[in-house]
Amino acid sequence: MPSVLHDSQLTKEQRAIVELRPDRHHLVLGPPGSGKTQVLLHRARWLMERENSPSSRFSVLVYTNVLTYYLRHSLEFLGIPIENVRTFDDWCGELWDQLCTGTKPRTPPDHRGHTYVDFPAVRLQVLNAMIARGLDNKKPIFDFVLIDEGQDLDAASYEILHRASKHLTVFADARQQIFEQGESIEQIQQHLKLTSQTGNLLPAYRNSPDIAKLASYFGNLFEGLNYLANERQKPMLYIAADWEDEVDHLAEALRERRLMNHKCGIVVPTNRDLHSLAKKLAERGVEIHKAIPARRGSTPPDFDSLTPVIASYHSVKGLTFDCVLLPKLVEKNFQRVQSEIRKRLLLVGITRATQWVYLSTVAGYELDQVATLKLAAKSNDLFIKTANQAPVEENNPPVDDDETEDDEISFL
């Protein structure tokens, strides 16, 4: 179960953020592992009790459905109703049903003829309906709203929130901004009418010093002195001979970690990779939980279980595992992602782990950022293992023979 700290376990710094005055908006910044999600949940309970707000008068908004599943495991301990934690677009869709007419806008058909709800268009129509009806925070829907991963919301989202709630507390980290439409920290300050951020959660408590040091190669400040657990192990990069060899070693690593009672998360670039790799691991006798919305044909992942959870980089934000495995670090799988966003994706993936990180690629087809991992190895901050057999030839790329089964390229 995702652990929630007792009030007495919060640091003085975290407690100060929990009890920030509710008569103005707040923006709180913090790196991965600094306890933003812990503080967000404790602040929700503190505000709920201080303002005597019924469940209908507040909300905790996050970016992905997977994170809602994860956080809901902890809400009973805090006395927060599970329906109060949801995604922004889920809540905005409910507003659309109340304020707008007709059918929700949808995206143009993709190459398979599939269309999806056009969430940016839904937000704009909701905002326009609120403006037309004169809805603003003089008669707000909510007493307060807490927003996680605020750097991933767009301008229309903030205008909707500003009109819907008397108080907003936004938690954000620019280093984890991996959605192009997201707002900068300066823009969030403008939306909240702040001259600067309210507070900083500076130390990273979650990650072992070994993981924190590796994360520093991708833009995170290394402190490395705050980790409380006893188990530590240097991160590892495996350079496979081909795709099948990469999956074989991944399956072996997962079996070893299960014997150690470690909860593992597997992080992949796209949903297509998620389905393909889950199938490959099942063929090797390794059961996997897919972290995808239930409406796509799955059940919510069981975060209490030792069964590994597989998710995309975008869906894994906010989650924590003992060990994280980052396979498929080849150029082909990141070809639509710019260099700076790649670094942020790897930072997000690495910092989901508390104890150990395993990364893998295929010889001859390495992601450009593998060069950074090799620099880490030269500084003794990473261990590299190479396949015993010779690398594949350049004209024979590593083949995932399930590529055509689900060719959705979405990072969501």
Side-chain angles (χ1 to χ4, degrees), residues 2-3 27-41 60-74 85-91 119 146-154 157 169-185 188 201 204-207 211-212 214-215 218-220 263-271 273-274 289-293 300-301 303 308-326 334 337 340-354 357 359 410-412:
S3 58
L27 171 61
V28 180
L29 307 182
S34 59
K36 292 192 299 298
T37 303
Q38 292 274 356
V39 173
L40 176 145
L41 292 177
V60 177
L61 301 179
V62 300
Y63 206 87
T64 69
N65 286 291
V66 174
L67 185 55
T68 65
Y69 302 150
Y70 185 78
L71 295 181
R72 285 174 179 176
H73 282 249
S74 306
V85 176
R86 59 199 304 191
T87 67
F88 175 85
D89 283 319
D90 180 41
W91 170 67
F119 291 112
L146 304 184
I147 299 103
D148 197 23
E149 304 291 353
Q151 73 280 354
D152 289 326
L153 293 179
D154 61 12
S157 302
T169 298
V170 179
F171 293 79
D173 180 13
R175 287 160 292 192
Q176 298 185 73
Q177 187 173 24
I178 55 180
F179 292 92
E180 294 181 358
Q181 76 274 15
E183 295 288 88
S184 68
I185 298 303
I188 297 173
L201 293 166
Y205 293 94
R206 179 177 66 212
N207 312 120
I211 293 170
L214 183 61
F218 297 96
N220 214 40
K263 294 180 180 179
C264 295
I266 308 164
V267 187
V268 293
T270 69
N271 285 330
D273 297 320
L274 181 152
H289 281 164
K290 297 178 183 178
I292 56 177
F303 293 103
V309 174
I310 187 169
S312 70
Y313 282 91
H314 289 70
S315 293
V316 82
K317 292 181 72 174
L319 309 188
T320 301
F321 301 94
D322 298 324
C323 307
V324 166
L325 303 96
L326 309 177
F334 290 82
V337 185
E340 180 60 30
I341 300 297
R342 290 182 181 189
K343 288 173 58 179
R344 295 176 187 177
L345 289 171
L346 290 171
L347 173 64
V348 167
I350 290 167
T351 54
R352 299 310 95 202
T354 62
V357 174
L359 311 100
S410 167
F411 281 81
L412 293 176

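Heavy atoms only: backbone and side chains are in, while hydrogens, waters and symmetry mates are out.
Nearest heavy-atom pair across Lys343 and Phe218 is O-CB, 3.8 Å. Taking all atoms of both residues into account, the shortest heavy-atom contact from Ala291 to Leu274 is O-CD1, 4.4 Å.
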- Please assess Thr37 against Phe171 for the test side-chain contact (heavy atoms from CB on, under 4.5 Å), listing each intermediate value before the final yes or no. CA-CA 8 Å; Thr37 303; Phe171 293 79; over 6 Å; no
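Taking 4.5 Å as the limit, some side-chain heavy atom of Val309 sits within range of a side-chain heavy atom of Phe303. A heavy-atom distance below 4.5 Å is not found between the side chains of Thr354 and Ile211. Between Ile350 and Leu326, the closest side-chain pair of non-hydrogen atoms falls below 4.5 Å. Between Val39 and Lys36, every side-chain heavy-atom pair lies at or beyond the 4.5 Å cut-off.
Using a distance-only test at 3.5 Å, with no hydrogens or angles considered, no donor-acceptor pair links the side chain of Ser315 to the main chain of Ser312. Between the side chain of Asn207 and the backbone N or O of Ala353 there is at least one donor-acceptor pair closer than 3.5 Å. Here the side chain of Tyr70 pairs a donor or acceptor atom with the backbone of Thr320 at under 3.5 angstrom.
No hydrogens or angles considered: a donor-acceptor pair under 3.5 Å links the side chains of Asp154 and Ser157.
One finds the OG1 atom of Thr351 at 10.0 Å from the CZ atom of Arg175 (value rounded to the nearest 0.5 Å). For the atom pair Lys263 NZ and Leu319 CG, the distance stands at 12.5 Å (nearest 0.5 Å). Taken from CG in Asp152 to CD in Glu183, the straight-line distance is 11.0 Å, to the nearest 0.5 Å. Annotation: the span from Leu346 atom CG to Tyr313 atom OH amounts to 5.0 Å, rounded to 0.5 Å. Interatomic distance, CG of Asp89 versus CZ of Phe119, reported as 5.0 Å (0.5 Å rounding). Taken from CG in Leu359 to CG in Leu214, the straight-line distance is 6.5 Å, to the nearest 0.5 Å.
For the side chain to side chain contact (heavy atoms under 4.5 Å, CB included) with Asp148, the qualifying choice from Thr169, Leu61, Leu67, Thr64 is Leu67, the only one to do so. The side chain to side chain contact (heavy atoms under 4.5 Å, CB included) test with Leu345 singles out one residue from Val348, Leu347, Ile341, and that residue is Ile341.
Taking Gln151 as the reference, Glu149 meet the side-chain hydrogen bond (donor to acceptor under 3.5 Å, both in side chains) condition, with sequence neighbours excluded. Partners of Gln176 according to the side-chain hydrogen bond (donor to acceptor under 3.5 Å, both in side chains) rule, which considers only residues two or more places apart in sequence or in another chain, are Asp173, Arg352.
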